[in-house]
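To start, the structure itself, in structure tokens.
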Amino acid sequence: MADTEMKALIERINALAKKAKAEGLSELEEIERKDLRQKYLKKFRESFKSQIEMMQIFDKSGKEVTPQKVRDIQKKKGLRD
């Protein structure tokens with residue numbers, strides 16, 4: 001679901017960018033473009049934060065070296081013992 005939303009946002013943002021270069025945007029389109037960009041950034045940040053919170057880091061010898069802050073978040077969310 002989120003992936004299709006991101007694709008739709010990107011397609012519309014790109015369509016508005018192309019139109020802006022070709023002929024310019026109306027005031028409503030400028031507002032829409034700004035809103036779409038904000039939605040895109042919000043979804044991107046949420047996705048990135050989720051990826052960081054789910055990661056585990058191991059050194060060359062196989063010992064886990066995940067930062068304590070990330071481990072605490074994982075414990076809080078029930079992802080770790």
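Hydrogens, waters and symmetry mates play no part in the numbers below; they use all other heavy atoms, side chains included.
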Under 4.0 Å between a Lys/Arg side-chain N and an Asp/Glu carboxylate O for R33 and E30? yes
Problem set entry | I73 with M55, same ILVMFWY side-chain cluster at under 4.5 Å | no
One should read off an interatomic distance between K43 NZ and D3 CG, to the nearest 0.5 angstrom, of 11.0 Å
Correct closest heavy-atom pair for E29 and G24 would be OE1-O, 4.4 Å
Q: Test salt bridge (charged side-chain N to carboxylate O under 4.0 Å, His left out) on K39 and D35 and set out the steps.
A: CA-CA 6 Å; K39 286 179 182 178; D35 183 51; 3.5 Å; yes
Kindly check if the number of other-residue, nucleotide or ligand heavy atoms within 6.0 Å of CD (E27) is above 12?
no
Between the CZ atom in R80 and the CE atom in M54, the distance rounded to the nearest 0.5 Å is 10.5 Å
* Any donor and acceptor pair, going by atom type alone, linking the side chain of E53 with main-chain N or O of Q74 inside 3.5 Å? -> no
Salt bridge (charged side-chain N to carboxylate O under 4.0 Å, His left out) filter on K63, not counting sequence neighbours, yields none
(message) Counting only heavy atoms not in F48 (residues, nucleotides, ligands), do more than 12 fall under 6.0 Å from its CZ?
(response) no
So CG of L36 and CG of L41: to nearest 0.5 Å the spacing works out to 11.0 Å
If you count the non-hydrogen atoms of other residues, nucleotides and ligands that lie under 6.0 Å from NZ in K19, is the total more than 12?
yes
Separation between CG (L9) and CD (Q38), nearest 0.5 Å, reads 11.5 Å
Note: Y40 and I13 closest approach over all heavy atoms is CB-CD1, 4.0 Å
Are L16 and F44 co-members of a hydrophobic cluster defined by side-chain heavy atoms under 4.5 Å apart? yes
Partner of Q56 under side chain to side chain contact (heavy atoms under 4.5 Å, CB included), picked from L79, T66, V65, is T66
